[in-house]
S.K.: 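Before anything else, here's the structure in question.
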Amino acid sequence: MKYFTVLCSLFLFSCTSSEKNEVSNEVDEKFVPDMYVASEMTLLMRSMYDVNEDIKKEIQAGNTPSEFPKEFLKIFTAKLTDDKPYNDTFKAFSKVYVDNVRAIFENDNEIPLKNRYNNAINTCISCHTTECVGPIPRIEKLLIN
Ligand code: HEC
């Protein structure tokens with residue numbers, strides 16, 4: 001039962017990766033009491049989700065979103081679940097993601113706004129393919145068809 005709980009909490013809160021599975025037995029005792037505490041990164045991701053929903057609505061309404069959401073830069077410093085360290089892939093994806101978000105706000109960019117927006121969302125998805133596959137179906141809903 002305890003093992004089951006740990007598995008569930010890993011699935012819900014920390015996006016099980018292969019490394020994660022290996023350490024799950026060790027962190028057993030310590031991890032369970034923490035299971036309702038969302039990491040800084042998780043909170044940031046949820047707010048990025050909401051902000052992107054708003055950006056999507058603006059674009060669909062024919063408006064040009066005007067302000068780069070600076071809080072997205074926290075992706076470089078926010079703590080991951082269980083203080084999991086940033087690896088190089090994560091850093092690289094974070095940088096590409098932030099650059100792609102900046103492009104949404106470049107008025108002189110010749111690529112259509114919708115494509116620049118979808119590009120950024122596709123970077124969310126790419127990073128999630130390597131780090132955390134669970135939320136991908138939800139993230140795909142942010143794409144503009
Ligand atoms: C650089 C890699 C990366 C990028 C880019 C990224 N994510 Fe994440 N995302 C993660 C990781 C890692 C976690 C797990 C955080 C943790 O366990 O602390 C996560 C967690 C999440 C979660 C789950 C939060 C929860 O409630 O458990 C959602 C939803 C999410 N991301 C959405 C997004 C969206 C939307 C974008 C783009 C706007 C995005 N992510 C971009 C790596 C990324």
Side-chain angles (χ1 to χ4, degrees), residues 2-61 63-106 109 111-145:
K2 200 198 240 171
Y3 186 58
F4 177 72
T5 314
V6 169
L7 274 185
C8 285
S9 58
L10 284 174
F11 177 71
L12 282 173
F13 294 100
S14 64
C15 304
T16 317
S17 67
S18 47
E19 316 150 46
K20 203 85 203 184
N21 278 333
E22 285 158 30
V23 290
S24 68
N25 290 332
E26 294 163 35
V27 295
D28 204 338
E29 295 298 333
K30 164 170 144 288
F31 191 71
V32 175
D34 286 348
M35 68 183 275
Y36 294 109
V37 182
S39 69
E40 286 175 19
M41 189 63 83
T42 298
L43 295 175
L44 172 66
M45 290 288 160
R46 289 179 195 165
S47 96
M48 291 196 327
Y49 192 96
D50 294 342
V51 171
N52 274 289
E53 248 177 352
D54 290 344
I55 295 177
K56 177 181 174 178
K57 282 185 204 137
E58 271 200 65
I59 295 175
Q60 285 177 322
N63 301 326
T64 308
S66 53
E67 217 177 316
F68 173 77
K70 290 198 187 64
E71 73 266 22
F72 283 18
L73 297 174
K74 288 189 197 150
I75 197 169
F76 294 114
T77 52
K79 285 210 179 70
L80 290 155
T81 303
D82 284 347
D83 275 336
K84 189 180 161 190
Y86 294 123
N87 59 29
D88 288 344
T89 320
F90 195 89
K91 275 186 220 154
F93 271 119
S94 298
K95 181 164 185 332
V96 176
Y97 176 64
V98 168
D99 287 349
N100 285 343
V101 176
R102 282 191 201 285
I104 300 174
F105 300 90
E106 287 168 7
N109 197 312
I111 301 166
L113 181 57
K114 178 186 130 178
N115 299 29
R116 280 179 275 144
Y117 168 83
N118 279 343
N119 234 346
I121 300 299
N122 279 321
T123 325
C124 307
I125 297 170
S126 307
C127 186
H128 275 257
T129 309
T130 66
E131 294 285 337
C132 168
V133 292
I136 291 178
R138 256 187 86 203
I139 300 175
E140 282 173 342
K141 297 202 180 108
L142 290 173
L143 289 167
I144 300 176
N145 297 317

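Atoms within a ligand are numbered from 1 in the order they appear, just like the ligands themselves. Predicted, not measured: the structure shown is a model, and the values here were computed from it.
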S.K.: Nearest 0.5 Å, what's the SG-CG distance between Cys127 and Asn122?
M.R.: 13.0 Å
S.K.: Indicate yes or no: at least one non-hydrogen side-chain atom of Met41 is less than 4.5 angstrom from one of Tyr86.
M.R.: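 Of all side-chain heavy-atom pairs linking Tyr86 with Met41, at least one is under 4.5 Å.
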S.K.: If you count the atoms of ligand 1 from 1 in the order shown, which ones are under 4.0 Å from a heavy atom of Phe93?
M.R.: 1 (C)
S.K.: So, taking the atom named CD1 in Ile55 and the one named CD1 in Ile121, what distance separates them when rounded to the nearest 0.5 Å?
M.R.: 7.5 Å
S.K.: Considering the heavy atoms of Tyr97, write down every atom of ligand 1 situated less than 4.0 Å from one of them.
M.R.: 5 (C), 37 (C), 38 (C)
S.K.: Have a look at Ala120, Cys124, Ala92, Ala78 and point out the one with the heavy atom closest to atom 38 (C) of ligand 1.
M.R.: Cys124
S.K.: Going by the order shown, which atoms of ligand 1 are within less than 4.0 Å of some heavy atom of Met48?
M.R.: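 Reading through ligand 1 atom by atom, the close ones are 36 (C), 39 (C), 41 (C).
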S.K.: Does His128 put an N, O or S atom under 2.8 Å from atom 8 (Fe) of ligand 1?
M.R.: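 So His128 counts as coordinating atom 8 (Fe) of ligand 1, yes.
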S.K.: I need the atoms of ligand 1 closer than 4.0 Å to a non-hydrogen atom of Thr81, numbered in the order shown.
M.R.: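 Reading through ligand 1 atom by atom, the close ones are 16 (C), 17 (O), 18 (O).
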S.K.: Relative to the heavy atoms of Ser94, which atoms of ligand 1 are at a distance of less than 4.0 Å?
M.R.: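 Those of ligand 1 that fall under 4.0 Å from Ser94 are 1 (C).
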S.K.: Taking atom CG of Asn118 and atom CG of Asn100, what is their separation to the nearest 0.5 Å?
M.R.: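 One gets 11.5 Å once the value is rounded to the nearest 0.5 Å.
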S.K.: Which value, rounded to the nearest 0.5 Å, describes the distance between Phe93 atom CZ and Ile75 atom CD1?
M.R.: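 If I round to the nearest 0.5 Å, the distance is 11.0 Å.
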S.K.: First locate atom CD1 of Ile125, then atom CG of Leu143, and finally report the distance between them rounded to the nearest 0.5 Å.
M.R.: 4.5 Å
S.K.: Distance under 4.0 Å to a non-hydrogen atom of Thr42: what atoms of ligand 1 satisfy this?
M.R.: 15 (C), 16 (C), 17 (O), 18 (O), 24 (C), 25 (C), 26 (O), 27 (O)
S.K.: Which part of Leu142 is near ligand 1, with near meaning a heavy atom under 4.0 Å away: side chain, backbone, both or neither?
M.R.: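 Side chain only.
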S.K.: Please state which option from Lys141, Met45, Glu40 has its nearest heavy atom closest to atom 42 (C) of ligand 1.
M.R.: Met45
S.K.: A side-chain contact here means heavy atoms from C-beta on lying under 4.5 Å apart; do Glu53 and Tyr49 qualify?
M.R.: yes
S.K.: Evaluate salt bridge (charged side-chain N to carboxylate O under 4.0 Å, His left out) for Asp99 paired with Lys95, printing each intermediate quantity in order.
M.R.: CA-CA 6 Å; Asp99 287 349; Lys95 181 164 185 332; 2.8 Å; yes
S.K.: Which bit of Ile139 gets closer than 4.0 Å to ligand 1, counting heavy atoms only: side chain, backbone, both or neither?
M.R.: side chain
S.K.: Which distance, rounded to the nearest 0.5 Å, do you find between the CG of Leu43 and the CD of Glu71?
M.R.: 12.5 Å
S.K.: Identify, by atom number and element, the atoms of ligand 1 in contact range of Arg138, meaning under 4.0 Å from any of its heavy atoms.
M.R.: 29 (C)
S.K.: Should Tyr49 be counted as touching ligand 1, given the test is an N or O pair under 3.5 Å?
M.R.: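 The answer is no, given that Tyr49 and ligand 1 share no N or O pair closer than 3.5 Å.
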S.K.: Pull out every atom of ligand 1 sitting under 4.0 Å from any heavy atom of Cys127, numbered as shown with elements.
M.R.: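 This gives 1 (C), 2 (C), 3 (C), 4 (C), 5 (C), 42 (C), 43 (C) as the contact atoms.
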